[in-house]
Amino acid sequence: MLTKEKAADIFDRIRRFSSADEVEAIFTGSRFALTRFANNAIHQNVEEENSIVSIRTNFAGRTARATTNQFDGESLQRAITASENLARVQTPDPDLLPMPTSEEANAAGEGARATRFFSQTVAITPADRAEVVEGIVSVAGKHKLATAGIYSTSESGEGIFNSRGLANWHRQTLAEVSITMLADDSSGWQKLNSPDVSNLDSIRLAETAAQKAVESAHPREIAPGKYRVILEPAAVLDMVGFMFWDYSGVAILDQRSFLNDRIGTQVFGENINISDDAAHPLQAGSPFDGEGMTRQRVQLVENGVVKRVVYARATARKMKNSEYAGKVGLIEPTGHGFPLPNEVGEMPLNIVFGGPENPQSVEQMVASTERGVLVTRLWYIREVDPYEKIVTGMTRDGTFLVEDGKIQRGLRNFRFNQSLISMLSNVDTMSAPVRACGEESFDMVTPAMKVKEFNFTEATKF
Amino acid sequence: MKTVAHQALDAASVRGVTYADARVVAIRNRSLTTKNGRVGHASESESLGIGVRVIADGAWGFAASADLSRAAVEAAAARAVEIARASARVKREDVRLAPEPAAVAEWTTPYKVDPFTTSVEQNLDLLLKVDAEMRACPGVTLAETGMNFQREESWFLSSEGARIHQTKYSTGAGYTAYAFAGSEIQKRSYPSSFGGQWQNRGYELIKEMKLVENARRVAEEAVALHRAEQCPEGVATIILDGSQLGLQIHESIGHPIELDRVLGMEANFAGTSFLTLEKLGNLRYGSELVNVVADARQEHGPGLGTFAYDDEGVAAQSTPIITNGRFTGYLSSRETAHAIGAVRSGGTLRAESWNRLPMIRMTNVSILPGEKPMTLDQLIAATDDGIYMETNKSWSIDDKRYNFQFGCEIAWEIKHGKRVRMLKNPSYSGITTEFWNSMDAICSRDEWTLWGTPNCGKGQPQQVVGTGHGASPARFRNIRVGSAYQGS
Ligand SMILES: [Zn+2]
């Protein structure tokens with residue numbers, strides 16, 4: 001595994017090889033293992049080890065990047081030359097800043113926090129993974145179901161070094177389990193990840209997925225239309241994830257954000273509070289951004305009002321000099337930039353929803369629902385309208401009719417076409433936020449939500 | 001590199017495997033974009049490594065390493081065997097591979113101009129010309145362009161004696177003009193959206209695409225969409241352009257015919273398929289006019305799914321998927337062929353790179369053009385009342401591939417054989433087999449293009465590969481339109 005010390009040595013060689021005004025290197029090293037199962041057997045089982053260095057050179061307003069996964073002198077030299085050649089032919093960009101010094105990058109603190117590296121996650125072997133899968137398969141067997149899913153573990157190190165003295169490093173582990181349970185005409189699903197493998201109770205997740213498959217058997221079709229809907233946390237995050245690309249200074253400047261002309265206004269219901277907080281105890285990931293800047297906590301939405309967006313260094317400067325300067329709330333570098341050069345600027349990736357005053361569990365939401373639909377998971381979500389933020393997608397793996405405060409039966413899956421603005425203006429009730437993961441968006445700390453007037457437009461055949 | 005692969009095979013075989021293969025892959029990539037008159041990003045990348053796949057105790061193991069030293073390669077092979085023995089603890093039956101003659105071959109994508117010999121200045125100059133054309137149109141608020149080249153060289157060796165050296169080139173480019181006004185963002189892309197057009201060719205593809213020549217028109221359409229009427233909600237006759245039909249094929253034919261999905265191997269992520277095994281040879285998938293093949297051979301064209309051998313050494317083939325409307329074939333591999341009683345794999349196993357396990361992927365899944373000569377203009381002229389839709393904007397389909405909904409960038413209403421007015425925010429939805437059974441006309445060969453989809457995701461960990469889809473414009477009757485905006 002790549003360590004900070006080894007990366008520092010390689011960076012020294014890169015500096016010596018380069019003739020650029022400034023040079024930066026982003027390192028990622030990882031060992032990743034994943035055991036995949038289907039039809040109650042392991043059918044794919046993989047492991048990889050890789051290390052990458054991505055080199056950026058600067059020549060007076062011109063910058064470019066080249067990447068290699070080989071650290072011999074010839075490969076490094078080739079990557080440096082490629083980066084320099086790509087940079088030199090450009091016209092200077094007046095908005096390109098010098099690389100940050102260590103003092104500038106870490107001015108907001110180095111993001112000191114609890115470790116996200118757990119030796120018990122590193123220690124997991126192929127035999128350990130097989131044993132966990134055996135346990136999940138035995139749950140499937142008990143309920144006469146077929147199971148499919150994954151169990152994976154990884155350790156990684158990532159760091160950024162530049163010729164102005166920056167040398168930031170982060171290492172972490174991650175363990176993840178995802179389980180689908182299949183019956184003849186129904187299915188159920190659960191997924192969870194954590195840096196600490198001991199936080200994953202795969203048997204309990206398997207039991208929940210199995211219960212959903214059993215309870216949604218023989219689904220019935222009901223007419224699409226507007227329903228009161230209870231969205232479990234994974235369903236919430238997979239949907240709302242589609243709007244966070246727009247909480248970016250560059251998105252505003254490029255006029256491709258749904259927040260153009262909306263910052264400072266009541267966009268969502270008063271019960272919606274959203275921050276980006278890489279240091280939150282339920283979050284994972286690196287404490288610094290693509291330029292090495294500390295990721296700061298940013299309150300994006302307060303009582304339904306969009307307060308501000310996030311900024312890379314150059315974007316903040318550009319925004320301050322733009323026609324939007326007085327209309328977008330506080331403008332300052334927040335440590336959310338992507339590695340340069342890029343065209344999208346920045347994005348909040350450590351979303352944390354604020355907890356409600358009176359959190360209600362999903363069970364309590366069901367109990368207080370006269371008629372509605374309980375959704376486990378959503379799938380194949382895509383943006384239909386970029387400004388009204390209408391997204392489409394399907395329900396999947398456990399969709400239930402709720403009547404008279406009880407889950408009554410499984411339903412055939414629906415297609416929805418739903419504006420995120422109106423959805424987050426129609427939230428009745430929320431659970432306490434939890435760390436959740438899906439497949440369409442990045443992991444978040446998010447509650448389950450009960451939403452009025454959720455717009456199902458079609459039903460499918462199962 | 002052949003030596004490295006041999007070291008891996010030797011290290012695996014002394015550990016008692018019944019099968020092993022090793023793939024050494026070297027990938028080089030160039031990616032350039034512009035935005036509003038400036039370079040968006042300029043980057044190159046190289047990746048090199050080995051993936052070792054083995055069967056031990058009747059189960060699979062795979063390990064990959066970027067370190068190609070002898071010690072690291074032997075360690076990767078040993079790890080693959082250890083992983084296979086762990087897999088065997090939770091197995092139902094032993095893996096069975098359909099027989100395949102061990103090929104010894106060399107192959108390179110035919111190309112005229114190696115894209116990496118073109119200068120970055122030349123590449124950026126072209127993109128900035130396109131950008132200037134778009135931004136010369138008043139009302140355009142954002143102009144984005146992009147160009148990509150990839151060279152993938154691979155050495156495949158198997159314990160059965162296969163020795164295959166392949167080099168594949170792919171090239172892609174495209175652009176989008178955005179117009180934000182009032183409370184609406186509209187956009188137009190060329191030659192297609194989400195990265196443009198891609199093929200397994202050299203720089204000659206870029207030259208043929210007429211990128212600069214189309215930029216002004218495309219930008220003007222983006223702005224004009226703000227003045228267009230909303231696409232109505234209801235049931236209509238629709239005509240789809242070739243690129244949109246290509247994506248329709250990808251989602252509602254290409255994915256459901258993947259035999260691993262059908263067999264439940266993808267149930268946790270990508271999903272399963274409505275095409276259960278008893279439907280082979282029996283299901284009426286589409287109307288008589290619907291003829292679809294999965295064809296990886298160079299004769300089919302330079303698609304992103306074109307190669308000489310797949311990533312387990314099976315020669316490129318053409319498989320009839322839908323024949324005069326009847327469902328006739330799946331995409332298969334050596335491991336899955338027996339499930340459909342096939343004696344040989346269909347040759348569709350591909351991996352994103354050295355560090356990924358090859359899996360069943362679409363090759364070039366293409367609809368054959370109509371035999372009767374018909375241009376798009378003639379098809380429109382032969383349509384009394386309908387909507388012509390162009391260029392994909394959104395796509396979504398359920399996890400068994402029944403219910404789909406697509407949005408397009410632009411549409412025109414057709415009355416009495418003529419385009420009478422532009423429509424914005426067009427969308428259509430339906431159920432896969434009902435949709436393909438409603439196709440009543442398709443344009444002929446001169447309107448047929450082999451489109452490239454560079455971003456198809458599948459597998460855990462996810463792998464992104466390119467697929468090809470030949471299509472010409474076609475007409476569909478009684479299709480639900482406008483549902484994407486229904487109720488909002
Ligand atoms: Zn796909």
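Below, chains carry the letters A, B, ... as their sequence lines are ordered, and counting in each starts from 1. Note that the structure is a prediction, hence the values are computed from the model and not measured.
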Checking heavy atoms, do the side chain of [X], its backbone, both or neither come under 4.5 Å from chain A?
X         : result
Glu93(B)  : neither
Lys400(B) : both
Ala59(B)  : neither
Ile431(B) : side chain
Leu32(B)  : side chain
Arg28(B)  : neither
Glu233(B) : neither

Self-check item: Parallel, tilted or perpendicular: rings of Trp395(B) and Tyr380(A) (30°, 60°)
Solution: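 Because their plane-to-plane angle is over 60°, the rings of Tyr380(A) and Trp395(B) count as perpendicular.
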Quiz item: Which class fits the ring pair Phe180(B) and Tyr387(A): parallel under 30°, tilted 30 to 60°, perpendicular over 60°?
Solution: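 If you compare the ring of Phe180(B) with that of Tyr387(A), the planes turn out tilted.
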Nearest 0.5 Å, please: how far is [atom2] in [Y] from [atom1] in [X]?
X         : Y         : atom1 : atom2 : value
Leu48(B)  : Asn69(A)  : CG    : CG    : 6.0 Å
Phe404(B) : Met394(A) : CZ    : CE    : 12.0 Å
Arg36(A)  : Leu357(B) : CZ    : CG    : 9.0 Å
Phe416(A) : Ser396(B) : CZ    : OG    : 7.0 Å
Trp379(A) : Asp398(B) : CH2   : CG    : 10.5 Å
Ile42(A)  : Arg89(B)  : CD1   : CZ    : 8.0 Å

Per-residue contact mode, [X] against chain B (heavy atom under 4.5 angstrom):
X         : answer
Ile150(A) : both
Lys191(A) : neither
Asp93(A)  : side chain
Glu388(A) : side chain
Thr35(A)  : neither
Phe37(A)  : neither
Val46(A)  : both
Thr68(A)  : both
Val250(A) : side chain
Arg56(A)  : neither

Practice problem: Please test Glu46(B) against Thr67(A) for side chain to side chain contact (heavy atoms under 4.5 Å, CB included), starting from the C-alpha separation and ending with a verdict. | Solution: CA-CA 6 Å; Glu46(B) 290 188 355; Thr67(A) 302; over 6 Å; no
Exercise. Test side chain to side chain contact (heavy atoms under 4.5 Å, CB included) on His41(B) and Arg65(A) and set out the steps.
Key: CA-CA 8 Å; His41(B) 76 251; Arg65(A) 181 173 290 286; over 6 Å; no
Quiz item: Between Gly393(A), Gly149(A), Gly225(A), Ala82(A), which residue shows the highest count of heavy-atom pairs closer than 4.5 Å to chain B?
Solution: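 The answer is Gly149(A).
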Quiz prompt | side chain to side chain contact (heavy atoms under 4.5 Å, CB included) between Asp399(B) and Phe462(A), intermediate numbers included | solution = CA-CA 10 Å; Asp399(B) 59 283; Phe462(A) 62 97; 3.7 Å; yes
Does the side chain of [Y] come within less than 4.5 Å of [X]'s, by heavy atoms?
X         : Y         : result
Phe71(A)  : Asp67(B)  : no
Phe269(B) : Glu439(A) : yes
Tyr485(B) : Ile390(A) : yes
Gln405(B) : Asn417(A) : yes
Arg92(B)  : Asn39(A)  : yes

Quiz prompt | Residues which pass side chain to side chain contact (heavy atoms under 4.5 Å, CB included) with Thr125(A), listed by chain and number, not counting sequence neighbours | solution =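 For Thr125(A) the side chain to side chain contact (heavy atoms under 4.5 Å, CB included) partners, ignoring immediate neighbours, are Ala127(A), Asp128(A).
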Self-check item: Any residue meeting side chain to side chain contact (heavy atoms under 4.5 Å, CB included) with Asn342(A), in chain and number order, not counting sequence neighbours
Solution: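 With neighbours one apart ignored, the set is Phe338(A), Leu340(A), Val344(A).
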Practice problem: Go through the steps to decide whether Gln44(A) and Gln460(B) satisfy the test side chain to side chain contact (heavy atoms under 4.5 Å, CB included), and finish with yes or no. | Solution: CA-CA 9 Å; Gln44(A) 293 172 7; Gln460(B) 295 160 304; over 6 Å; no
Quiz prompt | Residues of residues 83-92 of chain A near chain B, each having a heavy atom less than 4.5 Å away | solution =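 Listed by number, the contacting residues are Leu86(A), Val89(A), Gln90(A).
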Exercise. For chain B, find its close neighbours in residues 253-262 of chain A: heavy-atom separation under 4.5 Å, sorted by number, or none.
Key: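 Listed by number, the contacting residues are Asp254(A), Gln255(A), Arg256(A), Ser257(A), Asn260(A), Asp261(A).
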Quiz item: Stepwise, does the salt bridge (charged side-chain N to carboxylate O under 4.0 Å, His left out) test hold for Arg38(B) with Glu343(A)?
Solution: CA-CA 10 Å; Arg38(B) 290 189 191 168; Glu343(A) 45 289 293; over 6 Å; no
Quiz prompt | Exceeds 12 heavy-atom contacts within 6.0 angstrom, atom CG of Asp125(B) | solution =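 Above 12, so yes.
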Practice problem: Start with the C-alpha gap between Lys393(B) and Glu383(A), add the side-chain angles, then the distance that decides, and say whether salt bridge (charged side-chain N to carboxylate O under 4.0 Å, His left out) holds. | Solution: CA-CA 8 Å; Lys393(B) 191 158 90 175; Glu383(A) 184 177 272; over 6 Å; no
Exercise. Using the salt bridge (charged side-chain N to carboxylate O under 4.0 Å, His left out) rule, pick out the option among Glu47(A), Glu49(A), Glu48(A) that qualifies with Arg79(B).
Key: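 For Arg79(B), the salt bridge (charged side-chain N to carboxylate O under 4.0 Å, His left out) test succeeds with only one of Glu47(A), Glu49(A), Glu48(A), which is Glu47(A).
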Quiz prompt | Salt-bridge criterion met for Arg78(A) and Glu44(B) (N-O under 4.0 Å) | solution =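 So Arg78(A) does not pair with Glu44(B) through a salt bridge.
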